[in-house]
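Step one of this worksheet: look at the structure below.
Each chain gets a letter, A, B and so on, in the order the sequences are listed, and its residues count up from 1. Because the structure is a prediction, the values reported are computed rather than measured.
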Amino acid sequence: MPELPEVETIVRGLQKTLAGKRIKEANVIFPKIVKQNLRHFKKNVEKSRIIRVRRRGKFILVDLSSGATILAHLGMTGSFLLRKPSTPLNKHDHLVLKLDKTPKELIYRDLRKFGKIKSFCTSWEEKLSELKKLGPEPLNISPSDFVNLFRRRKGKIKSALLNQQILAGLGNIYADESLFEAKIHPLQKIDKLNPEALETLRQAIQKVLKKAIKAGGSSIENYYNVNGEIGSFQLQHKVYGREGQLCKRCKTKIKKIKISQRSSYFCPRCQVLSHYNINTKAFLHST
DNA sequence: CTGCATGTTAGGTT
DNA sequence: CAACCTAACATGCA
């Protein structure tokens with residue numbers, strides 16, 4: 001489920017409802033989700049006030065008055081839900097945070113259990129291996145920084161966009177949608193993309209992500225925001241999940257191929273794989 | 001039964 | 001080192 005727009009939607013929902021509230025108790029139902037000594041986790045979290053909820057890549061960060069921060073990654077199917085304490089637990093509910101001054105409690109639900117939650121000392125954030133490895137945020141990055149991400153790199157552009165160490169936040173849906181928007185073939189070799197094409201890609205990524213955030217993310221199988229509502233960006237997908245359907249730009253049938261063991265959807269006419277796709281020198285020389 | 005699914009990572013190999 | 005592949009994690013669905 002969760003790529004940058006979905007995580008951003010969840011973070012905004014959590015910030016809105018949880019900022020200022022106190023966590024009374026952390027009830028860990030499925031301990032494997034918490035990647036930390038349970039005592040340490042509870043000690044960091046319980047009786048502390050939530051100061052702020054923020055996002056880095058696909059990670060959710062919850063700053064607490066105890067001087068600790070909760071780090072959560074939703075994996076493929078994780079979600080945070082605010083629910084009435086009286087509602088019976090779902091079989092996939094793994095963590096319950098009881099809150100003060102709210103009629104709701106916060107539940108972490110994760111069908112496939114790929115998600116991870118831990119807490120850490122806020123002042124050590126720069127040393128956290130999970131965050132240290134991440135590339136820059138796609139919504140903030142400048143044109144020159146973006147071009148530099150791909151300098152001296154080989155390989156396929158789609159694989160690079162999925163690599164969180166290069167750029168943080170894109171997953172399979174938004175990589176495909178951004179490449180369609182930029183008219184770049186997912187198998188395009190990085191070293192054959194000139195700076196102009198990379199700038200087109202940067203703008204495409206930002207346009208797609210912003211639209212998706214506005215729509216509250218994409219709900220394909222099981223993505224819900226903190227209020228249990230689905231997003232609507234799946235209705236605006238141009239290629240993802242549309243194999244065999246007609247391209248909205250040119251009416252050609254959308255194709256599906258495997259890249260890095262993942263499905264890639266693209267329009268074979270709009271997204272041409274070009275060998276001429278010119279490096280800067282060749283481009284200048286030919287004009 | 002088979003294949004596939006919004007993600008990450010460890011361990012190989014090229 | 002970079003790139004690429006496979007398997008693994010756990011569960012549900014077509």
Side-chain angles (χ1 to χ4, degrees), chain A residues 1-11 29-35 55-60 71-80 90-94 108-118 128-135 138 148-180 186-192 205 208-209 212-213 215-225 230-244 256-265:
Chain A
M1 113 174 100
E3 303 179 31
L4 188 150
E6 291 77 33
V7 176
E8 179 66 24
T9 303
I10 290 166
V11 162
I29 301 158
F30 183 75
K32 269 190 81 177
I33 290 286
V34 177
K35 305 290 173 186
R55 179 188 63 75
R56 174 76 175 96
K58 298 175 191 171
F59 287 93
I60 296 168
L71 179 73
H73 194 291
L74 304 175
M76 291 269 264
T77 54
S79 58
F80 279 107
N90 180 292
K91 67 186 281 205
H92 304 298
D93 291 345
H94 307 309
Y108 178 71
R109 178 175 297 177
D110 192 347
L111 184 144
R112 281 165 75 180
K113 296 175 179 158
F114 286 177
K116 297 170 168 46
I117 296 175
K118 66 196 268 189
L128 254 209
S129 62
E130 290 93 334
L131 301 179
K132 235 175 21 184
K133 287 186 293 194
L134 291 181
N148 282 332
L149 294 182
F150 299 98
R151 277 185 56 182
R152 317 183 107 256
R153 277 194 186 275
K154 308 249 181 205
K156 302 158 192 144
I157 187 63
K158 168 75 186 277
S159 307
L161 291 181
L162 291 177
N163 185 343
Q164 302 300 299
Q165 302 185 40
I166 299 176
L167 192 66
L170 292 194
N172 214 22
I173 296 176
Y174 297 102
D176 279 3
E177 292 297 318
S178 299
L179 287 170
F180 174 81
L187 288 173
Q188 181 68 52
K189 290 283 196 299
I190 294 166
D191 56 0
K192 299 287 197 299
I205 289 169
V208 167
L209 292 179
I213 291 169
S218 302
S219 288
I220 304 290
E221 272 164 35
N222 38 48
Y223 157 69
Y224 301 93
N225 69 17
I230 62 170
S232 68
F233 193 68
Q234 68 281 3
L235 303 174
Q236 297 182 61
H237 288 176
K238 305 265 177 64
V239 286
Y240 184 83
R242 296 192 68 243
E243 182 188 20
K256 174 179 166 179
I257 57 173
K258 285 277 175 197
I259 303 175
S260 315
Q261 279 79 297
R262 320 278 315 267
S263 292
S264 271
Y265 300 88

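For the atom pair CG (D176(A)) and CZ (R262(A)), the distance works out to 9.5 Å, reported to the nearest 0.5 Å. Annotation: the span from H92(A) atom NE2 to K113(A) atom NZ amounts to 8.0 Å, rounded to 0.5 Å. Of the inter-residue distances, the one linking R55(A) atom CZ with K58(A) atom NZ reads 11.0 Å to the nearest 0.5 angstrom.
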- prompt: Base, backbone or nothing for each nucleotide of nucleotides 8-14 of chain C, written B, S, -, heavy atoms under 4.0 angstrom, 5' to 3'?
  reply: -BBBS--

field: Check against side chain to side chain donor-acceptor pair (under 3.5 Å), Y174(A) and E6(A)
entry: CA-CA 11 Å; Y174(A) 297 102; E6(A) 291 77 33; 2.6 Å; yes

- request: Let me see the working for F150(A) and I157(A) under side-chain contact (heavy atoms from CB on, under 4.5 Å), right down to the final yes or no.
  value: CA-CA 9 Å; F150(A) 299 98; I157(A) 187 63; 3.9 Å; yes

field: I60(A) vs F80(A), side-chain contact (heavy atoms from CB on, under 4.5 Å): CA-CA, chis, key distance, verdict
entry: CA-CA 10 Å; I60(A) 296 168; F80(A) 279 107; 3.9 Å; yes

- line: Applying the Watson-Crick and G-U criteria (both distances under 3.5 angstrom) with [ ] for crossing and | for other-strand pairs, one obtains for DNA chain C .||||||||.||||

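Nucleotide dA3(C) holds its C1' atom 9 Å from the NZ atom of K156(A), rounded to whole Å. Nucleotide dC4(C) holds its C1' atom 13 Å from the CG atom of L187(A), rounded to whole Å. Rounded to an integer number of Å, the gap from I117(A) CD1 to dT8(B) C1' is 16 Å. Distance, E3(A) CD to dT8(B) C1': 13 Å, rounded to whole Å. Between the P atom of dG7(B) and the CD1 atom of I10(A) lies a distance of 13 Å, rounded to the nearest Å. Separating the CD1 atom of I157(A) from the C1' atom of dC4(C) is a distance of 16 Å, rounded to the nearest angstrom. When rounded to the nearest whole Å, the span between OH of Y240(A) and P of dA5(B) equals 7 Å. Spacing between atom NE2 of H73(A) and atom P of dT9(B) amounts to 7 Å, rounded to whole angstrom units.
S260(A) is linked by a side-chain hydrogen bond (donor to acceptor under 3.5 Å, both in side chains) to S159(A), counting only residues two or more places apart in sequence or in another chain.
Here K116(A) does not reach the OP1 or OP2 of dT8(B): none of its side-chain N or O atoms lies under 4.0 Å away. Neither OP1 nor OP2 of dG7(B) sits under 4.0 Å from any side-chain N or O of Q164(A). The side chain of K258(A) contributes no N or O atom lying less than 4.0 Å from OP1 or OP2 of dC4(B). Neither OP1 nor OP2 of dA3(C) sits under 4.0 Å from any side-chain N or O of S159(A).
Mapping R152(A) and Q261(A) onto DNA chain C by nearest heavy atom places R152(A) at the nucleotide closer to the 5' end.
dT8(B) and dC1(C) have their P atoms separated by 22 Å, with the value rounded to a whole Å.
The shortest non-hydrogen separation linking R109(A) to H94(A) is C-CD2, 4.5 Å.
As judged by a 4.0 angstrom heavy-atom cut-off over every strand, S219(A) is placed among residues making no nucleic acid contact. When heavy atoms are screened at a 4.0 angstrom cut-off, R153(A) is found touching the sugar-phosphate backbone but no base atom.
Just one residue in the list F180(A), Y265(A), F233(A) forms a side chain to side chain contact (heavy atoms under 4.5 Å, CB included) with Y240(A), and that residue is Y265(A).
The pair K116(A)-E130(A) does not meet the salt-bridge criterion, since no charged nitrogen lies less than 4.0 angstrom from a carboxylate oxygen.
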